[in-house]
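Everything on this sheet refers to the single structure shown next.
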Amino acid sequence: MKLRIAPSPTGELHIGNARTALFNWLYARKNNGKFLLRIDDTDTERSTPEHIENIVQNLSWLGIDWDEGYELSDSNSYKQSDRFGRYEEIANQLLENDFAYEDDGAVRFRVEKDKEILFKDYVRGDMKFNTNDVEDFVILRSDKSPTYHLASTVDDIDYEITIIARGEDILSSTPKHIMIMNALNAKVPDFCHLPLLFGPDGKKLSKRHGDTSVSSFRERGVLSETMFNYMSILGWSPGNDIEIFDKEFAINNFDLKNVLANPAIFDTQKLLWMNGQYIREFDEKTFNKIAQETIETSLARELFSEEIERINLILSVVQERLETLKDLMGQVEFLLDEPFNVDKDEWEEVNSKSAQEYLTNIRNEFKTMKDFELDKIEAMMREQLKKLDLKPKDGFQAARVAITGTKISPPLFESIYALGQSSTIARIAEKIDNL
RNA sequence: GGCCCCGUCGUCCAGAGGCCUAGGACGCUGGGUUUUCAACCCAGAAACGCCGGUUCGAAUCCGGUCGGGGCUGCCA
């Protein structure tokens, strides 16, 4: 059994293609088959090396590896632009056998009329097309480059693909491919046309729905595990209402024949929710490492050990309020050796006479505090609240803005504890008017 | 227009003739917790497109209809 994914490098790896790759890969892995990566770059105008690189990188990021194909050391090329001679040779052969004819310099496949093309599709069952609905189609352009129909079919034959699982958008082209295979006396493989991924408007997912590349989600802080998992449950389910699972579980339970026939709308909200679930699952050590890397990337510098110490004190409570890794910076920024400033408008909103009193009092308490620890901090701050007969909100929010710079922050006591005694005192002092 | 595919809550999925007064998840609404934002917990609203047929019995099978989508390129 051998399956393949054959993206066109006319853009970055698209979620739709990634999902098709994923299903092919899962089926190959499940059945101990082979999975091949081929680059279908017959559109020389729009194909670029950068796009190839992006596709390769992101497939790897998703954990989708291939046993044969592009850039794996073997003497064959799996880039169609390297094989134009081969396609021209086949086109000439079809010409000689009268399966094709020349038309203004291009070569067209001669479609025999009144024939029925039958094939079985894994997800759609018995398919039947009448050749009267298929026009003679170009297989070789006048510049001698092959079209998709020729190149793809020749490669599927040459590389002995046994199951072609691809997007439903190519369903109506399948008769053409079968006709070429028949003309070449090749064995016709099995077909499986996977449902398309739609945007929120119910139309084929594309640039019009914004950036739909895998890399864009990666840059937004979506984890590879999330992407893998979420793409798996679009059009397929392992049953029993299970929807969060790892690679191994997916492989063990996957079957192309269980893929739904109807298209699925890609729901970013659910993807992000799922990402939050995955973030929450990391153990402390792993999450601390991921967090450090994320922050360093965002800052474009390495963190100092003091910064890492501070951050690690608060990460456990930050971890449970993240949707993506991108949200991390906003939560811990006040702990970094970076310019600190307090949001003016937010400060206006929380500042008041009683807030001033409260800040003055807790500052004095912090200055004499012996054991600067979480429970001590909380006890003291609550006690001072009582003394002034303030509601938690009035005192705490003022302290929060003064110390973290904003009304939205990690839990207050943890924030103070992580920041440290002297910095806390200094930041409070900054916001006390008559100091 | 022609050919083809598809049709269960707004969305993703469960359901393969009786277990369905249709289940789970996201989202949404209300409540709880609460120092912010989240997270978490509880509750709720929300769907078998429609019409026929088969059957004792249909979300499940068949036909039609309507609706959506794809293809119809010397793009893939």
Side-chain angles (χ1 to χ4, degrees), chain A residues 6-11 17 40-43 45-47 80 103-108 121 123-125 127-130 132-135 137-152 166-176 193 195-196 198 200-204 230 232-244 258 260-274 276-277 279-280 317-323 327 330-331 346 350 378 381-382 385 391-401 404 406-413 415:
Chain A
S8 295
T10 54
N17 283 130
D40 279 15
D41 58 347
T42 52
D43 183 348
E45 293 284 304
R46 297 192 298 145
S47 298
Q80 294 189 329
D103 173 29
D104 287 341
V107 177
R108 275 183 194 279
D121 189 285
V123 320
R124 280 153 230 285
M127 299 297 307
K128 186 167 84 176
F129 286 84
N130 191 303
N132 292 347
D133 297 316
V134 184
E135 315 239 321
F137 53 97
V138 172
I139 53 175
L140 204 66
R141 303 186 185 100
S142 30
D143 66 359
K144 301 301 169 203
S145 68
T147 62
Y148 163 73
H149 301 303
L150 210 223
S152 174
R166 75 238 293 198
E168 195 207 321
D169 50 345
I170 316 181
L171 181 58
S172 6
S173 295
T174 302
K176 295 176 184 170
H193 288 92
L196 260 21
F198 283 176
D201 62 350
K203 299 218 175 11
K204 193 162 101 167
Y230 182 66
S232 306
I233 60 166
L234 293 180
W236 177 73
S237 152
N240 299 113
D241 291 331
I242 297 170
E243 58 178 12
I244 293 197
N258 285 345
L260 260 32
N262 50 305
I265 290 173
F266 189 88
D267 182 2
T268 309
Q269 269 189 317
K270 184 154 183 174
L271 170 77
L272 294 178
W273 164 80
M274 190 179 276
Q277 301 300 306
I279 286 178
R280 250 140 260 149
V317 292
V318 168
Q319 181 175 7
E320 60 192 42
R321 56 216 328 100
L322 295 184
E323 196 163 57
D327 304 334
Q331 293 273 321
E346 292 189 5
V350 297
E378 174 166 1
M381 288 182 73
R382 287 194 188 282
L385 219 46
K391 286 182 181 152
K393 194 177 176 181
D394 298 324
F396 290 170
Q397 278 301 79
R400 182 191 307 281
V401 176
T404 70
T406 164
K407 289 206 285 192
I408 297 172
S409 82
L412 184 57
F413 310 127
S415 297

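To find a chain, count down the sequence lines: A is the first, B the second, and so on, and within it residues start at 1.
If you measure from atom CG of A:N132 to atom P of B:C4, you get 12 Å, rounded to the nearest angstrom. If you take CG of A:L234 and C1' of B:C13, they are 10 Å apart, rounded to a whole angstrom. We find that CZ of A:R124 is positioned 9 Å from P of B:G7, with the value rounded to whole Å. Computed from coordinates, the A:D103 CG to B:G73 P distance equals 14 Å when rounded to whole Å. As rounded to whole Å, 5 Å separates atom C1' of B:C3 from atom CG of A:D133. The interatomic distance linking A:I139 (CD1) with B:G73 (P) rounds to 17 Å, in whole Å. Atom CD1 of A:I242 is separated from atom P of B:G24 by 15 Å (rounded to the nearest Å). One interatomic measurement links the two molecules: CZ of A:F129 to P of B:C4, which rounds to 7 Å at whole-angstrom precision.
Taking A:D133 as the reference, nothing meets the salt bridge (Lys or Arg N to Asp or Glu O under 4.0 Å) condition, with sequence neighbours excluded. For the salt bridge (Lys or Arg N to Asp or Glu O under 4.0 Å) test, residues two or more places apart in sequence or in another chain that qualify with A:R108 are A:D103. Scanning for side chain to side chain donor-acceptor pair (under 3.5 Å) contacts around A:E320 gives an empty result, with sequence neighbours left out. A:S237 pairs by the side chain to side chain donor-acceptor pair (under 3.5 Å) definition with nothing, not counting sequence neighbours. With sequence neighbours left out, A:E378 forms a salt bridge (Lys or Arg N to Asp or Glu O under 4.0 Å) with A:R382. Evaluation of the side chain to side chain donor-acceptor pair (under 3.5 Å) rule for A:D201 yields A:H209 as partners, not counting sequence neighbours. For the side chain to side chain donor-acceptor pair (under 3.5 Å) test, no residue two or more places apart in sequence or in another chain qualifies with A:R280. In terms of the salt bridge (Lys or Arg N to Asp or Glu O under 4.0 Å) criterion, residue partners of A:D40 (sequence neighbours excluded) are, by chain and number, A:R38.
If you check distances only, the side chain of A:S142 does reach the base of B:C74 with a donor-acceptor pair under 3.5 Å.
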Check: Could you run down nucleotides 27-40 of chain B 5' to 3' and tag each one B, S or - for protein heavy-atom contact under 4.0 Å?
Finding: S-------BBBBSS
Would you tabulate the side-chain donor-acceptor contacts of residues 263-272 of chain A under 3.5 Å, counting partners in other chains and residues two or more places apart, or write 'none'?
unit_1 : atom_1 : unit_2 : atom_2 : d
A:D267 : OD1    : A:Q269 : N      : 3.1
A:K270 : NZ     : A:E243 : OE1    : 3.0

For nucleotides 14-23 of chain B, tabulate all protein N/O to nucleotide N/O atom pairs closer than 3.5 Å, reporting atom names and distance.
unit_1 : atom_1 : unit_2 : atom_2 : d
B:G23  : N2     : A:D241 : OD1    : 2.9

Please enumerate all protein N or O atoms sitting under 3.5 Å from an N or O of nucleotides 67-70 of chain B, with distances to 0.1 Å.
unit_1 : atom_1 : unit_2 : atom_2 : d
B:G69  : OP1    : A:K203 : NZ     : 2.5

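In this structure the side chain of A:L140 reaches within 4.5 angstrom of the side chain of A:K144, judged on heavy atoms. No side-chain heavy atom of A:W273 sits under 4.5 Å from any side-chain heavy atom of A:Y230.
Across all strands shown, nothing is found opposite B:U54 as a Watson-Crick or G-U wobble partner with both distances under 3.5 Å.
Distances shorter than 4.0 Å separate some side-chain N or O of A:R108 from OP1 or OP2 on B:C74.
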